[in-house]
Amino acid sequence: MNLELFAHVAEERESIGTQAFVLRRFALPFVDELLPAIDRLAQEAPFRHMVTPGGFTMSVALTNCGALGWTTDRRGYRYTIIDPDRGQPWPPMPAAFGRLARAAAAAAGFAGFEPDACLVNRYVPGARLSLHQDKNEHDYDAPIVSVSLGMTAVFLFGGHERTDKTVKIPLEHGDVVVWGGEDRLRFHGVLPLKVRPHPLLGSQRINFTFRKAGS
Ligand code: MD3
Ligand code: FE
């Protein structure tokens, strides 16, 4: 499929696939609640650099909230109830996170989304995420909602094969992307973050993704 066919702006909801939508600045009204909630989360369950099964330490630091959290180590990728670093459950999802996730999903046509996991990624200049698919969730029918804050990143949106052509989509402070249906398993990644400090967050980018990981 020619992705460029979808790379147009349809009013406020920009389609980048048949079931993938960029909601530009959708999260801005929530930012005053989101930033303190992220600070509290990071105090309780600090951002950390995990190791991939291949033995590489991720340049992106991550933490989680909600009933399930995504982790990786030499044994593989998985969702866990317990934070392996703290030996305790992941912190609960802040109320403002849940409200934003449900509102964004509904705006993209996925009413009734109830995420049980929120993966929070932190990028500093140079950090990147290589092309991958999100396949550790139980139910591919539920969408994924992604919220970007801070420095702008270039997101790579590919196809169903690793070698498929990718399109570059800049994701700015407040942008929300919702991916579902046939777009849910597309390869995607993030180019190395460039230094362009953000007035509120400085030289970092925070991305959080809401998922339905369990059954
Ligand atoms: C497209 N995070 O955590 S969010 C990830 O900006 C991840 O931190 C990136 O990819 C980030 O797994 C991109 C957007 C995203 C999330 C899940 C997707 C895009 C997706 C699942 C399917 C297709
Ligand atoms: Fe991903």
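All values below were derived from every heavy atom in this structure, side-chain atoms included, with hydrogens, water molecules and symmetry-related copies excluded. Index from 1, following the sequence.
For CD1 of I82, the number of neighbouring non-hydrogen atoms (other residues, nucleotides, ligands) closer than 6.0 Å is greater than 12.
Contacts classified as ring pair (Phe, Tyr, Trp, His ring centres under 6.0 Å) and involving residues 120-151 (residues at least two apart or in different chains) are given here: H132-H188. Applying the side chain to side chain donor-acceptor pair (under 3.5 Å) test to pairs two or more places apart or on separate chains, those with a residue in residues 96-117 are E33-R99. Each side chain to side chain donor-acceptor pair (under 3.5 Å) pair with one or both residues in residues 37-56, not counting sequence neighbours, appears once here: R48-D83.
Side-chain contacts under 4.5 Å among hydrophobic residues (ILVMFWY), followed directly or transitively, place V154 together with L131, L156, F187, L191. Through direct or indirect side-chain contacts shorter than 4.5 Å among Ile, Leu, Val, Met, Phe, Trp and Tyr, V51 is connected to no other residue.
Checked against side chain to side chain contact (heavy atoms under 4.5 Å, CB included), P92 has no partners two or more places apart in sequence or in another chain. P53 is linked by a side chain to side chain contact (heavy atoms under 4.5 Å, CB included) to T72, Y77, counting only residues two or more places apart in sequence or in another chain. For H198, the ring-ring contact (aromatic ring centres under 6.0 Å, His included) partners are H173, not counting sequence neighbours. R211 pairs by the salt bridge (charged side-chain N to carboxylate O under 4.0 Å, His left out) definition with D134, E137, not counting sequence neighbours. In this structure, the side chain to side chain contact (heavy atoms under 4.5 Å, CB included) partners of A105, at least two apart in sequence or on a different chain, are F110, F113, V145. Annotation: side chain to side chain contact (heavy atoms under 4.5 Å, CB included) contacts of P197 (sequence neighbours excluded): V195, S203. In this structure R75 satisfies the salt bridge (charged side-chain N to carboxylate O under 4.0 Å, His left out) test together with D73, sequence neighbours excluded.
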